[in-house]
Amino acid sequence: MLQSLEKDILHEIDDTDLRVIIISAEGPVFSSGHNLKELTAKYGKDYHAEVFNSCAKLMKIIQTIPVPVIAEVNGLATAAGCQLVASCDIAVASEKSRFATPGVNVGLFCSTPAVALGRAVPRKVALEMLFTGEPISAHDALLHGLVSKVVPEESLMKETKRIAQRICQTSHSVVALGKATFYRQMAQSLNDAYRLTSHAMVENLALKDGQEGINAFVQKRKPVWTNIKGISKDDKEDK
């Protein structure tokens with residue numbers, strides 16, 4: 001499943017017509033995480049290392065690809081499944097959804113899920129989930145920042161699609177630059193973050209779509225995005 005997700009997410013990832021990716025599931029469980037039967041001693045350390053390295057690779061890919069990734073959650077998300085939700089750029093959950101990191105209860109602390117979880121929710125909330133394994137409700141997940149929005153089950157697909165369509169109305173190149181910059185600055189000090197983002201704003205203005213958006217606003221018209229990374233004509237002339 002990890003390899004399949006990676007393959008699907010990276011499929012035509014450089015195509016500017018690809019604007020957003022939605023990860024969803026069928027049935028009462030969004031994702032229950034790793035198959036514990038694969039984590040028994042008979043598989044050995046090398047295989048176990050491959051499993052967790054593959055999982056970490058997938059989570060990093062989600063945050064480094066140029067398009068937003070939305071988790072559409074309608075059910076239980078536990079362990080690496082909770083990690084997957086925390087790793088997505090946006091997460092929309094139904095009211096019946098629950099989230100947990102229950103590894104401690106089977107003798108396997110959720111250390112890798114803790115990476116994403118600890119960056120999505122306050123430390124004390126993350127540690128309570130990790131130390132007890134108890135699930136939290138969708139509304140508690142929203143309160144603590146694990147998900148972006150909670151809606152009735154019957155509205156889940158509609159709301160996820162609405163968000164995706166809004167993203168599709170924006171410039172691919174601008175969103176790609178913005179997403180990359182956001183995750184880079186989150187790992188930096190305040191001074192370094194402002195230095196990085198100030199430079200990114202200048203780069204954004206140099207994009208064709210950066211100038212198109214501003215010109216469209218001034219001219220009171222809808223922008224016509226090119227969705228390419230090219231430098232605007234005016235910026236080339238300035239250089």
Side-chain angles (χ1 to χ4, degrees), residues 1-13 21-91 93 97-138 140-141 144-147 179-180 182-184 186-187:
M1 179 60 73
L2 288 170
Q3 293 169 346
S4 177
L5 272 172
E6 179 182 338
K7 181 180 178 181
D8 289 342
I9 288 172
L10 293 178
H11 179 65
E12 296 184 347
I13 196 62
I21 294 171
I22 298 172
I23 300 176
S24 62
E26 296 180 354
V29 177
F30 173 77
S31 173
S32 57
H34 295 294
N35 180 359
L36 294 181
K37 293 179 181 179
E38 289 188 335
L39 303 182
T40 56
K42 71 176 184 178
Y43 283 90
K45 285 187 176 181
D46 289 343
Y47 182 79
H48 294 162
E50 182 182 352
V51 169
F52 293 115
N53 288 336
S54 295
C55 185
K57 181 183 178 183
L58 173 65
M59 304 303 165
K60 289 185 289 185
I61 284 173
I62 288 172
Q63 295 186 351
T64 55
I65 59 174
V67 299
V69 180
I70 304 174
E72 182 183 278
V73 187
N74 188 30
L76 185 64
T78 65
C82 184
Q83 179 185 5
L84 178 60
V85 175
S87 297
C88 287
D89 304 309
I90 299 170
S97 298
R98 295 186 301 157
F99 306 85
T101 49
V104 68
N105 295 321
V106 295
L108 181 64
F109 198 85
C110 286
S111 293
T112 46
V115 175
L117 181 65
R119 285 163 169 74
V121 306
R123 182 179 301 180
K124 289 180 173 60
V125 174
L127 288 173
E128 181 180 348
M129 292 178 66
L130 292 162
F131 290 156
T132 68
E134 293 180 344
I136 63 172
S137 68
D140 281 344
H144 298 309
L146 181 56
V147 301
K179 176 176 175 175
F182 177 82
Y183 283 111
R184 285 179 62 193
M186 286 294 290

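Contact detail for Met129 and Cys82: the closest heavy-atom pair is CE-SG, 4.3 Å. Across all their heavy atoms, Ala80 and Cys55 have their closest contact at CB-SG, 4.3 Å. In terms of heavy-atom proximity, Gly81 sits nearest to Ser31 at CA-OG, 3.4 Å. Looking at every heavy atom in both residues, Phe30 comes nearest to Ala77 through CD2-CB, 4.0 Å. Ser87 approaches Ala116 most closely through the heavy-atom pair OG-CB, 3.5 Å. Shown here for Ile62 and Lys179, the closest heavy-atom pair between the two residues is O-NZ, 2.8 Å.
Atom CG of residue Leu76 and atom OG of residue Ser32 lie 7.5 Å apart, to the nearest 0.5 angstrom. Between the OG1 atom of Thr101 and the CG atom of Leu108 there is a distance of 11.5 Å, given to the nearest 0.5 Å. Rounding to the nearest 0.5 angstrom, the gap separating the CG atom in Leu58 from the CE atom in Met1 is 11.0 Å. Lys60 NZ to Glu6 CD: the interatomic distance, rounded to the nearest 0.5 Å, is 11.0 Å. Here the CD1 atom belonging to Ile65 is positioned 7.5 Å from the CG atom belonging to Asp89, to the nearest 0.5 angstrom. With rounding to the nearest 0.5 angstrom, the CD1 atom of Ile21 is 4.5 Å from the CD1 atom of Ile13.
Looking at heavy atoms from C-beta onward, Leu130 lies out of side-chain contact with Val104 at the 4.5 angstrom threshold. For the pair Glu50/Asp46, no side-chain contact is recorded, criterion being any heavy-atom separation below 4.5 Å from C-beta on. Between Leu146 and Phe99 there is a side-chain heavy-atom pair separated by less than 4.5 Å.
Within 6.0 Å of CD on Gln63 lie more than 12 heavy atoms contributed by other residues, nucleotides or ligands. In the displayed structure, Asp8 atom CG is contacted under 6.0 Å by more than 12 heavy atoms of other residues, nucleotides or ligands.
Listed by first and then second residue, the salt bridge (charged side-chain N to carboxylate O under 4.0 Å, His left out) pairs involving residues 21-38 amount to none (not counting sequence neighbours).
Here Tyr47 pairs with Tyr43 under the ring pair (Phe, Tyr, Trp, His ring centres under 6.0 Å) rule; sequence neighbours left out.
In this structure, Phe52 and His34 have perpendicular ring planes: the angle between them is above 60°, well past the 30° mark.
Judged by distance alone, with hydrogens and angles left aside, the side-chain atoms of Ser97 form no donor-acceptor pair with the main-chain N or O of Ala93 at under 3.5 Å. Side-chain atoms of Asp140 never come within 3.5 Å of backbone atoms of Ile136 as a donor-acceptor pair (strictly under, hydrogens ignored).
When each of Ile23, Val73, Ile70 is paired with Cys88, the side-chain contact (heavy atoms from CB on, under 4.5 Å) condition holds for Ile23 and for no other.
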